[in-house]
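Below is one structure, written out as structure tokens; the observations come after it.
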Amino acid sequence: MKHRRLGVLVWVLTIALMEGIANAEPSGREIMQAVYDRPQGNDMSGTLTMTLFDSNGKERVRVIKQWIGRYGRVDKKLMIFQSPADVRGTSFMNWSYKEEGKEDDQWIYLPALKRVKRISAEGKGDYFMGSDFTYDDLGDRHPSEDNHTLVRTERINGEECWVVESIPKDPRYMYSRTVTWVSKEKRVGVKRDFFDRRGTHLKTLNVRSVEKIEDIWVLMEVEMHNVQKKTSTRMSFQNVSINRGLPESIFSERTMVRGVE
Amino acid sequence: MREHLYRSFLVSLFILLGLTLLVAEEGSDREGAIVNGYGRTKVGVFLKNGDYFLSENTLDLRFRYNTRGAAFYSNVVLYERTGELETPHLRELYMDLKDDSMDLRIGKQQVIWGKGEGVFITDIVSPKDLTQFLLPDFEEIRRSIVGVRGALYGESSTLELVWVPWFTGTLLPRKDSLWAPRQPFPVVPTILTEELPQFSLDSSSFYARYSYLGESVDMSLIGGWYWNDTPAYTVMSKTISPGVGLMDLTIQPEYYRVYSIGFAFAGTFGPAIAKAEGAYVGDKRYQGNPIVYPRGYAEKNGIHYMIGADYSFKGVTMGVQYIQEIILDYEKDLLSDRLKNMMTVALSRTFFQDKLKVELFSYIGLDNKDALVKPKLTWNGIDSVELFVGAYLFINNTGDFGQYHDRNGVYTGGKMSF
């Protein structure tokens, strides 16, 4: 009888332990690393439509052709403005490195100056072409640059999400913290709140549409709302192609000046 | 003569367009025609008396026709200044032949080199239009050359070779212009018509650049054997009176050959972009005291360099450059100092989702403590439409900038791109 009771206890404990293992949540760092490491394809190209809304809701539209390629330790991005007329032909190129702490290389080409100019990576805190996205918001921030804590799990827009708070290790960083809702199913962030250096809520990024293309989850429409300035920027992607074998040579001075033909 | 030149331009335009169509690959996209440009109006007044110094309407029309293996481009500009329509100005007109690893550009074109802002150290190919001093936008200050530019592309590097068979000089202000510089001569000289290089293969200019753009650093090496685009003044006759000195002087602007080698560099160093540019110029003519130098100048070698940095902080983009020119083997009777020191400062910041841009560019002469300060405010509240207001402020009353101290002005205008 004694042995039987002991057997039941061991069984119950084993099941409880197994359930515990099955339900154990990953750490905040593990979640953000999984988001960073998720398959994104070797290259991607498409048309980006950026709509800027001012505080009165008046909109301005920019159309940009975008190419992204991943080549070993370097991620390369090229953007060429198609419209409006006064910025047509302006191009921006960014090379981002996997190494911790290594600054990005960035260049801009302004048709009026007819010259490619290297620009400061410290300008990553600057807003990209008048939008509510900083240059840094548009890149993949390495998880090692922040301390991450899993705060809770929450259902948002029908998706089960981890909610992760990230506090930058560098106190000079433009945000004091960010809170990200990560889809458990897709391993992509679907919402992020940004807090300014004083700890006040500054912006919210909402992912409006995610599509699976070539077995890869792609953010097709995102909107950044600046709650302090009451301005918004919506970015939507069209004609997205993935893994088409983009040659590395297109991420060059020549392409910035002449465009991709 | 002007009419003849204008007709030649039009004929060239059609020949180049025809060639572009001819070399277009079979089946390539022939619907690659793009027309764009802008219309702009500008008016400016002097601060001292409210007199207009600028009244200008501009139509800038650009046409590009792209095919898979070639492209044609033309940029025609019409200026109406103080109510008079000038002859249409063909800023650029060229044909591109393109391959995976090389380009060939034939025709009238601007070739822009160097890393500096507002300084022309290794930017030795395209001459300048200085008829309004350094006041217009840099795009409008540059003139085009007529020639052939070939470029070979490596993984991260480019080798460019430029051949300019037809000389184009820098345009200087006429002597009755508001922007005519003070002459350095002890008497007011009689200036004869300039002597241009002969139009022949022998008088070609040649330039080369190797450039690298890559991880952390961009750099380039340049070289050229070319006609200097600003003339030296050769003494044609002079009268010297014992006890009085120079009484009379007749000079003639004369272009001459120089050679140059140089480098340009820009690199990311922490939060800043460090940049530098330098050139050694050989056989340059420096004006001297006409009594001492029979031809009015001495041939010397010179060094011209710049070091600078760009930095962005809290949305403000800042750029500082220090520039020095050195005359080697200096002689005391030259009219220029052995060293010339200058700085530039640039600041810009946008507000309201880039609708408002505040910018300032300043040249500072360190030897005479003079400066040209160009603040500008641009409102871009509607896409493709700009309204702007700016000023030209000259500080001190000597030096390259201070000599215009009584010409401080403000201007305003609008521009619409299409």
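Quick note on labels: first sequence line is chain A, next is B, and so on, each numbered from 1.
Along residues 111-119 of chain B, the residues that come nearer than 4.5 angstrom to chain A, judged on non-hydrogen atoms, are I112(B), W113(B), G114(B), K115(B), G116(B), E117(B) in order of number. Contact residues of residues 81-93 of chain A toward chain B are P84(A), A85(A), D86(A), R88(A), M93(A) (heavy-atom distance under 4.5 Å).
Ranked by non-hydrogen atom pairs under 4.5 Å with chain A, the options F418(B), F351(B), Y153(B) are led by Y153(B). Counting heavy-atom pairs under 4.5 Å between each of D137(B), D100(B), L213(B) and chain A puts L213(B) at the top. Interface summary for chain A: among G37(B), G154(B), G214(B), the most heavy-atom pairs under 4.5 angstrom belong to G214(B). When the candidates E140(B), K415(B), E155(B), Q110(B) are compared by the number of heavy-atom contacts under 4.5 Å with chain A, Q110(B) comes out ahead.
Contact of N226(A) with chain B is not made at all, since no heavy-atom distance falls under 4.5 Å. Interface remark: Y97(A) contributes side-chain atoms only to the contact with chain B (heavy atom separation under 4.5 Å). Neither the backbone nor the side chain of F128(A) comes within less than 4.5 Å of any heavy atom in chain B. Contacts of R118(A) with chain B are made by both backbone and side-chain atoms, with heavy-atom separations under 4.5 Å. Proximity to chain A (any heavy atom under 4.5 Å) is shown, for T350(B), by neither the backbone nor the side chain. Using a 4.5 Å cut-off between heavy atoms, K58(A) contacts chain B through its side chain alone, with no backbone atom that close.
The closest donor-acceptor contact from the side chain of Q353(B) to the backbone of L52(A) lies at 3.5 Å or more, if one exists at all.
A heavy-atom distance below 4.5 Å is not found between the side chains of R142(B) and L113(A). Between K114(A) and Q109(B) the shortest side-chain heavy-atom distance does not fall below 4.5 Å.
By the side chain to side chain donor-acceptor pair (under 3.5 Å) test, N147(A) is found to be paired with no residue, residues two or more places apart in sequence or in another chain being considered. In this structure H225(A) satisfies the side chain to side chain contact (heavy atoms under 4.5 Å, CB included) test together with V227(A), S232(A), sequence neighbours excluded.
There is no side-chain donor-acceptor pair under 3.5 Å between T158(B) and R254(A).
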